[in-house]
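Order of the sequence lines sets the chain letters (A, B, ...), proteins ahead of strands, with each chain counted from 1.
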Number of protein chains: 2
Amino acid sequence: MNIGTAARQSGLAPKTIRYYEDIGLLTADRAANGYRDYSNEDVHRLRFVQRSRSLGFSVEECRQLLSLYTDRDRASADVKAIATEKLGEIDRKIAELTGLREMLGHLVENCHGDARPDCSIIDGLSGRSRDH
Amino acid sequence: MNIGTAARQSGLAPKTIRYYEDIGLLTADRAANGYRDYSNEDVHRLRFVQRSRSLGFSVEECRQLLSLYTDRDRASADVKAIATEKLGEIDRKIAELTGLREMLGHLVENCHGDARPDCSIIDGLSGRSRDH
DNA sequence: CATAAGAGTTCCAGCCGCTGGAAGCTCAAG
DNA sequence: CTTGAGCTTCCAGCGGCTGGAACTCTTATG
């Protein structure tokens, strides 16, 4: 199948698929006319990458996961290690964002938000606030 | 004061400060020797940007905030609007990450993580899992 | 006073992960 | 036969820095 079909079936943009080929993440056969030609198994791999990316894995991690995916002899522990590491990262990001949310939330709450120039958000950002 | 001192006091890297000047976010006086020369007020502004960036505002948003910071006549409502919008974005990001966390958490939980090649994480990523 | 270290300057290039756009090819429908 | 969609390649740019080269300037020490 052509790249457009593979794109639709995998949820990736054609441009993205070409880019992945460019950086050597995935290869594709070529038809006689020079068009890329994708098998169902290729689409599986594309979707695998799409899901992994959307779960927060970097392209390099996808490369690793993909080789683990392809290598039927690898231990599941190898995969679990990568996924667990990622889980930690996600947790750290959530914690960080939650902190941000709290701080910014305070600022917004304390800002009267009217026509007066006095603004606790600006004060907070400039480090002139009384607490924290 | 020189850029290094301003950097230390604002929590930004000298490179970053030069970059901000490059893109016209902040300007700096020059001393006779050509070195950038920062006043205490400059450092205030640098720190303002540093905080804003660390709270998740983009450089462009920082530019807006900075002009609101500098303009003593603006209404606090203007600032509040930007901050509230940002708060929504942060909430969306948290929700997204929480979703990811849950999904990846399930996969990791179900993976026995031993030497066997059978792996529920790989299965999940490849879209072969039974549920979700 | 010579010299060496450290901090400043400029500019160019690269990171990640795409995405847009130009110019040219191929293919299917009308 | 023409039109338009879809494919190809390549080059450039996004955001937000960061690294490195090559240079000048300042400061401390022998």
*Grab the CG-P distance between A:Leu25 and C:dC16 for me, whole Å please.*
13 Å
*asked:* Treating A:Ser10 as the side-chain partner and A:Leu46 as the backbone partner, does any N or O pair qualify as donor plus acceptor under 3.5 Å?
replied: no
*Taking CZ from A:Arg63 and P from C:dG17, how many angstroms apart are they, rounded to a whole number?*
10 Å
*Does the side chain of B:Asn2 pick up a donor-acceptor pair with the side chain of B:Thr5 at under 3.5 Å?*
no
*Roughly, in whole Å, what's the span from CG in B:Asp22 to P in C:dC12?*
11 Å
*B:Asn33 side chain near D:dT26 phosphate (N/O to OP1/OP2, under 4.0 Å)*: yes
*Pair A:Lys86 + A:Glu89, salt bridge at N-O below 4.0 Å*: yes
*If an axis is fit to five pairs at each end of the helix from C:dC1-D:dG30 to C:dG30-D:dC1, what is the angle between the two, to the nearest 10°?*
20°
*Can you find a side chain N or O atom of A:Arg18 that sits less than 4.0 Å from OP1 or OP2 on D:dT8?*
yes
*May I ask you to test the A:Leu12-A:Arg53 pair for a side-chain heavy-atom distance under 4.5 Å?*
no
*Just to confirm, is there a sub-4.0 Å distance from OP1 or OP2 of C:dT26 to any side-chain nitrogen or oxygen of A:Arg30?*
no
*Does A:Arg36 have a side-chain nitrogen or oxygen under 4.0 Å from the phosphate oxygens OP1 or OP2 of C:dT26?*
no
*Distance-only, no hydrogens or angles: does the A:Asp22 side chain make a donor-acceptor pair with backbone N or O of A:Tyr19 under 3.5 Å?*
no
_Residues B:Ser120 and B:Asp123: side-chain donor-acceptor under 3.5 angstrom_ = no
*If we only count heavy atoms from C-beta on, is the A:Glu85 to A:Glu61 side-chain gap below 4.5 Å?*
no
*Under 4.0 Å between any heavy atoms, over every strand shown, what does A:Ile3 touch: base, sugar-phosphate, or nothing? Just pick one.*
sugar-phosphate
*Sugar-phosphate means primed atoms, P, OP1 and OP2; the rest is base. With that split, encode nucleotides 15-21 of chain D 5' to 3' as B, S or - using protein heavy atoms under 4.0 Å.*
-BBSBB-
_Atom-to-atom span, CG of A:Asn2 to C1' of C:dC27 - whole angstrom_ = 10 Å
*Would you say the side-chain atoms of A:Arg63 pair up with the backbone N or O of A:Gly24, donor to acceptor, closer than 3.5 Å?*
yes
*Within a strict 4.5 Å, meaning less than it, do heavy atoms of the A:Val49 and A:Tyr69 side chains meet?*
no
_Length of the CD1-P vector between A:Ile23 and C:dG17, whole Å_ = 8 Å
*Taking atom C1' of C:dT19 as reference, at what distance in whole Å does atom CD1 of A:Ile17 sit?*
14 Å
*A:Glu21 CD to C:dG17 P: how many Å, rounded?*
18 Å
*Nearest-Å distance, CE (A:Met1) to P (D:dC7)?*
12 Å
